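Below: one structure, written as structure tokens.
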Amino acid sequence: MPVNKLKTLYFSVLLAFVSLLLPWSQVALLVRPDFMLLVLIFWLIRAPNLCNVGTAWMLGLLVDLTAGMVFGQYALAYTVTAFFAVTYQRRLVLFTGMQQLLYVFSLLLISQVMLLIIKTFAGAQFIGWLYFLPSLSGVLLWLLAMGLGLNTGGRGRAK
Amino acid sequence: MARHLYNKIEQQQAPAFFVRGPSPFARLAFFSVLSLALMASDSRLQYLASMRQSLQTLLHPLQLLANAPSQLYLSTTEYFSTHDTLLSENQQLKKRDLMQSIALQKLNLLAVENAHMRVLLAAQAALKESSVAAEIMHVGRDPFTRKVLINRGQNHKILPGMAVVDAAGVIGQVTRVYPLSSEVTLITDTSLAMPVQIERNGLRAIAFGHGRDSTVDLPYLPANVDIKRGDRLVTSGIDGVYPAGLAVATVRQIVSAADTPFARIVCEPAGGVENHRQVLVVSRPQLGSINTPSLTQPVKLGLTQATPADKKQSMPNKLAKPSDAHAR
């Protein structure tokens, strides 16, 4: 079973990566959820033996590459997010669906805030509150996935 | 055999439940430090540029795959575009072609005349540039910067620093070159500065991207500067990067506040910074022959005088006129 799961993990990461590479523009780019981070959080919650903080770092580096940014920015943001995800992973079993959504939302926000801090240090300007839209759309996507029957762990779901 | 070995190792390990490796905090510390080191080395030392290039080349097929659906959609809609639209477009293009060819005839005449004048003034021959057509693959994914990726790169002789223009004006500058694609920083990005000239009175200034909305700023100009709404900004060519005379922006708003000696001038980019697909990458202006069929003897004489070493001197000469005209 683990081998099968590993394949699924690789496939989902590849899928998330290709969705990041789609030619998003204008409004779509503003709303686009961070697919890579969502997939990462899912696997950090569901299979902490397969991926950990190091995986997050590697994927962050990959996203850095595609975004054409300085190496290490997304990597750092993902690392910090993964740390929080892993720390509270075992408590997640007790979370209900709503609590889990809130938890995922805060994780997405953490990554965005980290990126904002790094970018501000590098001399960028804050681009307005719409910057946080991807977190919102990310949670909606998570909700959609739950609604479609994806087992995301948590009370009353994991069986 | 391998399975035996695996079993042997597996037996010696602790049960999987307890195996968690280093604590999350240790991992966090390690990878944070690694990221910081990467950031520092990438932004300051430029060691990772070649690595980025090769990785980007590896990703290129994946990028093409991701672009395939939208390309397919575009080509399908193009295929099914109606007869009427094609006809009207064709007519419009013909009309434009006629008008432009008339303008071009005048231009030929002017070019020859200009060459003669330059010889009379003993000035250097005008700089000439070559260009490569490219298509925008996708918009940059970093929300803090304004960049696009085009489908021409090192293999098509694109170099960093080349200007990128569309039919209406300058849209940006090539900042990073990969083997098969390159990254263009748009003129609306805060990090891009561009020497410009007011077309009406030849006043020179430097335009900066505003960054947040798609406008261009003209900072550091006094409050009483001679700029009006609707003035057109063109490239001055003073930097040797952009060919002179390309449209950059139109002045939209001038605010002079009492608490600052500088006027705040907001301009609107002339080129379709965010809505064109086809662009032209223009190389740095170089000394070369003007390809008009009716070149005559005096012009050739002027060209032989001008060697590449004189290239630098040619700029002050070229720009002496507007500043004289503007002296008060």
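No experiment lies behind these values; they were computed from the predicted model shown. The chains referred to below are lettered A, B, ... by the order of the sequence lines, with proteins before strands, and numbering in each begins at 1.
- Checked by atom type and distance alone, the side chain of B:R27 never pairs as donor or acceptor with a backbone atom of A:T79 at under 3.5 Å.
- Both the backbone and the side chain of B:S43 come within contact range of chain A, with heavy atoms under 4.5 Å apart.
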**Prompt:** What do the steps show when you test B:R52 against A:F71 for side chain to side chain contact (heavy atoms under 4.5 Å, CB included), and what is the final call?
**Reply:** CA-CA 9 Å; B:R52 185 189 288 273; A:F71 276 126; 3.8 Å; yes

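- Residue A:L61 touches chain B through its side chain alone, counting heavy-atom pairs closer than 4.5 Å.
- The line from CZ of A:F83 to OG of B:S23 is 8.0 Å long, rounded to the nearest 0.5 Å.
- For chain B, no part of A:S19 is nearby; none of its heavy atoms comes within less than 4.5 Å.
- Interface summary for chain A: among B:T190, B:L149, B:L36, B:L62, the most heavy-atom pairs under 4.5 angstrom belong to B:L62.
- Residues of residues 154-164 of chain B never come closer than 4.5 Å to chain A when only heavy atoms are counted.
- Remark: A:M58 CE is loosely packed, at most 12 non-hydrogen atoms of other residues, nucleotides or ligands lying under 6.0 Å away.
- Minimum interatomic distance between B:S70 and A:P23 (heavy atoms only, all atoms of both residues): OG-CG, 3.5 Å.
- No side-chain heavy atom of B:Q63 sits under 4.5 Å from any side-chain heavy atom of A:T66.
- Contact annotation for A:F17: only side-chain heavy atoms (C-beta onward) come within less than 4.5 Å of a heavy atom of chain B.
- Contacts with chain B were tallied for A:V18, A:L115, A:L65, A:L29; A:L65 has the most, counting heavy-atom pairs under 4.5 Å.
- Residues B:L28 and A:V80 approach most closely at CD1-CA, 3.8 Å, considering heavy atoms.
- If you take CG on A:L21 and CG on B:L65, they are separated by 9.0 Å, rounding to the nearest 0.5 Å.
- In this structure, the side chains of B:S32 and A:L76 come closer than 4.5 Å at one or more pairs of heavy atoms.
- Applying the 6.0 Å contact sphere to CZ of A:F126 captures more than 12 heavy atoms from other residues, nucleotides or ligands.
- Side-chain contact between B:F144 and A:L116 is present, with at least one heavy-atom pair separated by less than 4.5 Å.
- Taking chain A as the reference chain and counting heavy-atom pairs below 4.5 Å, the highest number among B:F31, B:F25, B:F30, B:Y178 is found for B:F31.
- Contacts with chain B were tallied for A:A75, A:G68, A:A67; A:G68 has the most, counting heavy-atom pairs under 4.5 Å.
- When all heavy atoms of A:L22 and B:A66 are compared, the pair lying nearest together is CD2-O, 3.2 Å.
- In this structure, the side chains of B:L38 and A:W57 come closer than 4.5 Å at one or more pairs of heavy atoms.
- B:T145 places none of its side-chain heavy atoms less than 4.5 Å from the side chain of A:M69.
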